[in-house]
Colleague: 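My questions will all concern the structure given below.
Order of the sequence lines fixes the chain letters, A, B, ..., with proteins taken first and strands second; residue numbering starts at 1 for each chain.
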Amino acid sequence: MRVSDIQFSSSADTIELSGKVNDFRLWYRFPSSYRVSAGGDAFLAIALLPAMLAGEALEVDRAFPVSQRLLESVGRLQEIYHCWNPVFRKVAVRAEAGSASVGNPGIASFFSGGVDGTFTALKNADITHLVLINGFDFSLEPPVFAEAVDRNRAFAASLGKTLLPLETNFIAFNDTYRVSRNLSHGSLLGSVALALAFSRVYIASSRTYDNLIPWGTHPLTDLLFSSEATEIVHDGAEASRSYKTRKIFECEAVGRNLRVCWQDMNRNCGRCEKCLRTRMALRAMGISAPAFEDLHSLDDLRILRVSDVKEQARFQDNLRLAEARGDRALARVLRRAIRRYDRHRLMVDFDRLLLGGVVKRTFRYFVKPERLRPGPAPDLNYPVEQA
Amino acid sequence: MRVRDIRLTTTDRTIELSGAVNDYRLWFRFPGDFVVQPRADAFLAVALLPAMMAGEPLEIDSNHPVSPKLLEGIQQLQEIYHCWNPALKKVAISASASPATVANRGIASFFSGGVDGTYTALKHAEITHVILINGFDFFLDASAFSQAVDRNTIFAARLGKTLVPVETNYIQFNQACGPSRNISFGSCLGSIALALAFHRNYVPSAFDYRTLHPDGAHPLTDPLFSSEATQIVHDGCEASRAEKTAKIFEHQAVAQNLRVCWADMNRNCGRCNKCLRTRVALRALGISGEAFEDLSSLDDLRKWYLTGPREQDFLLENLRLAERRGDREMAGILRRFARRNDLKRLAVEADRLFLGGVLKRIKHLFVKPERLRVGPFPDPNYPP
C-alpha cells in the first residue's frame with residue numbers, strides 16, 4: 001500500500017490537505033488561518049490499518065518525511081492491533097524519517113458537543129481549541145454543519161476557547177478499505193492531530209479504566225500516534241459517564257449546549273436511543289436540563305436494550321443513582337432491562353452448553369449473521385484460522 | 001501515613017536501603033557493588049496503596065527528595081487505582097521534589113526464572129542486568145535463595161547479563177498494612193526499579209493486550225512509576241503465554257533453566273497448578289522439555305482445578321493449539337475442563353436470575369465467603 005502525492009490547495013477560506021492512499025484521495029479541509037503539516041504523518045496514521053488488513057507493506061513516498069517518533073511507535077501499535085484481532089497482520093513500514101515541528105500554537109481537544117468531549121473541554125483549562133469534524137462519525141449537509149459550527153463556536157467562545165471546524169472524506173475512505181469504524185476512528189483522530197500539529201491534543205475517552213476493551217480510541221494506543229511536536233493524550237477514563245454528565249450540568253450554559261443525538265447534530269430529538277439514555281441518566285441523578293425534556297413517563301424507556309457488558313455497567317451505574325435518590329419507578333425499569341440482558345445471555349449459554357447450539361443453528365438457518373467489518377475484536381461468527 | 005528516617009546501611013557485602021512507613025521499617029538489600037541513593041522514591045511508590053487503602057494523606061519526610069515526574073505519575077496512578085476499586089481512595093501527597101539521576105549503568109529487567117521474565121530477557125539484547133527478588137512473591141530461606149542465585153547467575157552469564165539478587169521484607173510489610181498482592185506487586189517492582197535507578201527497567205507482563213484486566217502490573221500503571229532517570233517499561237503484552245513458552249523452548253539451554261513452580265524455587269515439582277499449566281502448554285505445543293516431565297499420561301490432570309475467566313482464557317488457548325496439532329486426547333480433556341467452568345458459571349447465573357440467589361444464600365449459611373483483601377476489583381460479596 002502506497003501513500004503518495006500529498007498536496008495542498010487553498011481556496012478563499014479553507015486549506016485542503018490531501019494525499020493518495022493507493023488510488024483513493026483522502027482529504028481534510030481546515031480553516032485557512034491554520035498551518036497544516038505537509039509531512040507524511042497524517043497519512044501514515046490513517047493508512048496503517050488498511051495496510052495491515054491487506055497484509056501489505058506500507059510505503060510513504062520519500063518526498064514526505066514522517067516523524068521519527070511516530071515511526072518508532074508504529075511497531076507497538078501494530079503489535080496491539082494484531083493481538084486484538086489477528087486479521088490485522090504486522091507489515092513493514094517504509095518512510096523517510098524526519099522530525100515533526102509544532103504547526104499551531106495552543107492546545108487542542110476533539111469535540112462534537114457530546115458528554116465525553118464536553119467533559120474533557122471543561123476539565124483541562126490548558127485547552128485553547130476545540131476541533132469539530134464533519135465526515136468522521138457523521139456526514140452533515142453544508143447548512144446543517146454550518147449551524148453546528150455557529151452554535152459550537154459561540155459555546156467554545158463562552159469557555160474562552162476557539163472552535164476549529166474541519167471536513168474530511170474519511171467515511172468514504174473507510175468504506176473503501178472496509179475497516180470497522182470501531183477500530184479506525186482512533187487513527188482518524190491521530191491523523192488530524194498530526195496534520196494540525198498542536199503541541200498537545202486531547203482525545204476524550206468513552207470508557208473507564210475498569211471497563212477498557214479493545215477499541216479505536218484507547219489509553220494504550222492513542223498516545224502512540226504522538227510525534228516529536230504533538231503529544232496525544234487520552235483523557236477522562238477516570239470518570240464514569242454519569243459523573244461526567246453531572247459535572248456538565250453543574251453549569252447550566254454548558255448543559256444547554258450538550259448534543260448527544262444520533263438523528264440530528266443540532267438538537268436532541270429526545271427519542272433516539274442515545275437521547276433516551278441521557279434523559280434516563282439525568283432523571284437518575286435528579287437533574288432537570290433545558291437541552292432535554294424531563295423523563296416523566298417511563299414508557300419511552302421500553303425501547304432501550306442493554307446491548308453489551310459495557311452498556312450494562314452504565315445501566316448499573318444509573319440504577320445505583322436512582323436507588324440512592326429513592327426513585328423507585330426508574331430503578332424498577334433499569335433493573336428489568338439489566339435482568340432481560342442477563343437472561344438473554346444465560347439462554348445463549350444454555351443453548352450452547354446443554355443443547356449443543358441447536359437453537360442458534362435454527363435461528364441462523366433463517367437469519368444469516370451479518371459479516372462484520374474487521375474491527376477491534378475477531379468476528380466470532382466467521383472465525384479466521386490463523387497460521 | 002508518614003514515611004521518614006530513610007537510611008543507607010552498608011555491610012561488607014550488601015547495601016541496605018530502609019525507611020519507616022508509619023512504624024514499619026521496610027528494607028531492601030542490594031549487592032554492595034551497586035549504587036543506591038538515600039532518596040524517598042522507592043518508599044513513595046510502595047506506601048501509596050497502603051495510604052489509599054487507609055484514606056490517609058501520605059507525607060514523605062522532606063529531607064529525602066522525590067522525583068517530580070514520579071509525583072506526577074502518582075496522581076494518575078491514583079485515578080486508575082480508584083477507578084478500578086473505589087475502596088482505594090485518592091489521597092494528598094506531600095513531599096519535597098528534586099529530579100532523580102541514574103545510579104547504575106545498564107538496563108535492567110525483573111526476573112524470577114519463569115516464563116514472562118525469561119521471554120523478556122531473551123527479547124531485548126539491551127538488557128544488561130536481571131533482578132531476582134527474595135521477599136516479593138516468595139520468601140525463601142537463605143540456603144534456598146543462595147541456590148537460586150547461583151543457578152540464575154550462571155544462566156544470566158550465559159546470556160551475557162548480570163544477575164542482581166535483591167532481598168526485601170516487602171511481603172511482611174504488605175501483609176501488615178497493604179492491600180491484596182494482586183494489586184500491590186507492581187508497586188514493589190516500581191519501588192525496586194526506582195531504588196536501583198537504572199536508565200531503563202523492564203517489567204515482564206503476565207497477560208497479553210487482549211486479556212488485559214485490572215492487575216498489579218499493567219501497561220497503563222507500570223510506566224507511571226518512572227522517574228526522570230528511570231523509564232519503567234511494561235513488556236511482552238504482544239505475546240500470549242503459549243507463544244512465550246514456544247519462544248523459550250527454541251533454546252534448550254534457556255528452557256532448562258525455566259522454573260515456574262509455586263512449591264519450590266529451584267526445581268519444578270511438576271504437580272502444582274503452575275507446573276501443570278506449563279506441562280499442558282508444552283504438550284499442546286508438542287514440545288518436549290528437560291525441565292519438565294512430558295505429560296504423557298493425562299491422569300495427572302484429573303484433579304486439576306481451574307476456575308475463573310483468566311483460567312478459561314488459558315484453557316481455550318491451549319485447546320486451540322491441541323486441536324491444531326491433532327492431539328485429540330489433550331483437546332478432549334481441555335474441552336471438558338472449559339465446559340465444566342462454563343456449566344458452573346451457568347448454574348450460578350441461573351440461581352441468581354431465576355431463584356433469586358437462594359442457593360447462594362444457603363451455601364453462605366454454611367460457608368461464609370472469605371472477605372477479600374482490597375484488590376484490583378471491588379469485592380462482590382462485600383460491597384462497600
Side-chain angles (χ1 to χ4, degrees), chain A residues 75-86 90 123 205 207-215 218-224 233-240 243 309 313 316 320 335 338-354 356 376-378 383 385-387, chain B residues 75-86 88 90 205 207-215 218-224 233-240 243 309 317 320-321 323-324 335 338-354 356 376-378 383-384:
Chain A
R76 171 68 56 85
L77 208 45
Q78 292 200 53
E79 285 181 348
I80 298 178
Y81 290 149
H82 177 74
C83 185
W84 282 352
N85 187 351
K90 288 184 243 179
K123 178 183 148 194
S205 74
R207 296 175 190 269
T208 47
Y209 288 121
D210 59 339
N211 255 326
L212 291 175
I213 57 163
W215 201 248
H218 191 287
L220 284 174
T221 54
D222 290 352
L223 75 169
L224 296 173
V233 180
H234 185 91
D235 181 77
E238 76 284 359
S240 68
Y243 177 83
V309 235
Q316 265 154 352
R320 240 185 344 260
R335 225 176 277 125
I338 294 168
R339 239 178 118 74
R340 194 190 300 127
Y341 174 67
D342 278 342
R343 284 188 176 170
H344 172 77
R345 284 205 309 171
L346 187 72
M347 289 309 158
V348 170
D349 280 350
F350 185 85
D351 171 46
R352 179 171 67 88
L353 289 165
L354 298 173
E385 183 56 28
Q386 289 303 309
Chain B
Q75 292 314 319
Q76 204 181 337
L77 260 178
Q78 293 205 51
E79 288 190 336
I80 297 178
Y81 288 150
H82 177 73
C83 182
W84 283 353
N85 187 352
L88 297 162
K90 288 186 243 180
S205 70
F207 298 96
D208 64 25
Y209 289 119
R210 209 172 34 81
T211 53
L212 279 180
H213 55 275
D215 197 29
H218 191 286
L220 285 175
T221 55
D222 291 348
L224 297 173
V233 180
H234 187 87
D235 181 76
C237 280
E238 73 283 358
S240 70
E243 284 165 338
E317 184 186 21
R320 201 167 41 79
L321 291 168
E323 279 172 346
R324 196 181 297 159
R335 210 174 289 122
R339 194 180 151 79
R340 196 171 65 186
N341 279 345
D342 276 341
L343 286 172
K344 190 179 164 207
R345 197 165 41 83
L346 190 74
V348 169
E349 277 295 280
D351 170 46
R352 182 172 74 85
L353 290 167
F354 293 104
F377 305 99

Colleague: Heavy atoms only, distances under 4.5 angstrom: which of H82(B), H218(B), R345(B) has the most pairs with chain A? Name it, please.
Modeller: R345(B)
Colleague: Taking only residues two or more places apart in sequence, or in another chain, which ones meet H344(A) in a side-chain hydrogen bond (donor to acceptor under 3.5 Å, both in side chains)?
Modeller: none
Colleague: Under a 4.5 Å cutoff for heavy-atom pairs, which residue among P214(B), P219(B), A239(B) has the most contacts with chain A?
Modeller: P219(B)
Colleague: Any idea which heavy atoms bring W84(B) and Y209(A) closest together, and the distance?
Modeller: NE1-O, 3.3 Å
Colleague: Could you state the interatomic distance from CH2 (W84(A)) to CG (L212(B)), rounded to the nearest 0.5 Å?
Modeller: 9.0 Å
Colleague: To the nearest 0.5 Å, what is the distance between CG (N85(B)) and CG (D210(A))?
Modeller: 9.5 Å
Colleague: What heavy-atom pair brings L354(A) and R339(B) nearest, and what distance separates the two atoms?
Modeller: CD2-NH2, 4.2 Å
Colleague: Rounded to the nearest 0.5 Å, how far does CD of E238(B) lie from CZ of R76(A)?
Modeller: 7.5 Å
Colleague: With a 4.5 angstrom heavy-atom cut-off, is it the side chain or the backbone of L212(A) that approaches chain B, or both, or neither?
Modeller: side chain
Colleague: Closest approach of C83(B) and A237(A), non-hydrogen atoms and distance?
Modeller: SG-O, 3.9 Å
Colleague: Can you list the residues that meet the side-chain hydrogen bond (donor to acceptor under 3.5 Å, both in side chains) rule with Q316(A), with sequence neighbours excluded?
Modeller: none
Colleague: Should the heavy atoms of other residues, nucleotides or ligands under 6.0 Å from CZ of F377(B) be counted, would the total exceed 12?
Modeller: yes
Colleague: Got a second to check how far Q78(B)'s CD is from E238(A)'s CD, nearest 0.5 Å?
Modeller: 12.5 Å
Colleague: Are D349(A) and E349(B) side-chain neighbours, meaning at least one heavy-atom pair lies under 4.5 Å?
Modeller: no
Colleague: Quick one: does F354(B)'s side chain get under 4.5 Å of R343(A)'s, heavy atoms only?
Modeller: yes
Colleague: Give, for atom CZ of F350(A) and atom CG of L343(B), the distance between the pair rounded to the nearest 0.5 Å.
Modeller: 10.0 Å
Colleague: Nearest 0.5 Å, what's the CG-NZ distance between L353(A) and K344(B)?
Modeller: 14.5 Å
Colleague: Given that the side chain runs from C-beta out, which part of A377(A) has a heavy atom under 4.5 Å from chain B: side chain, backbone, both or neither?
Modeller: neither
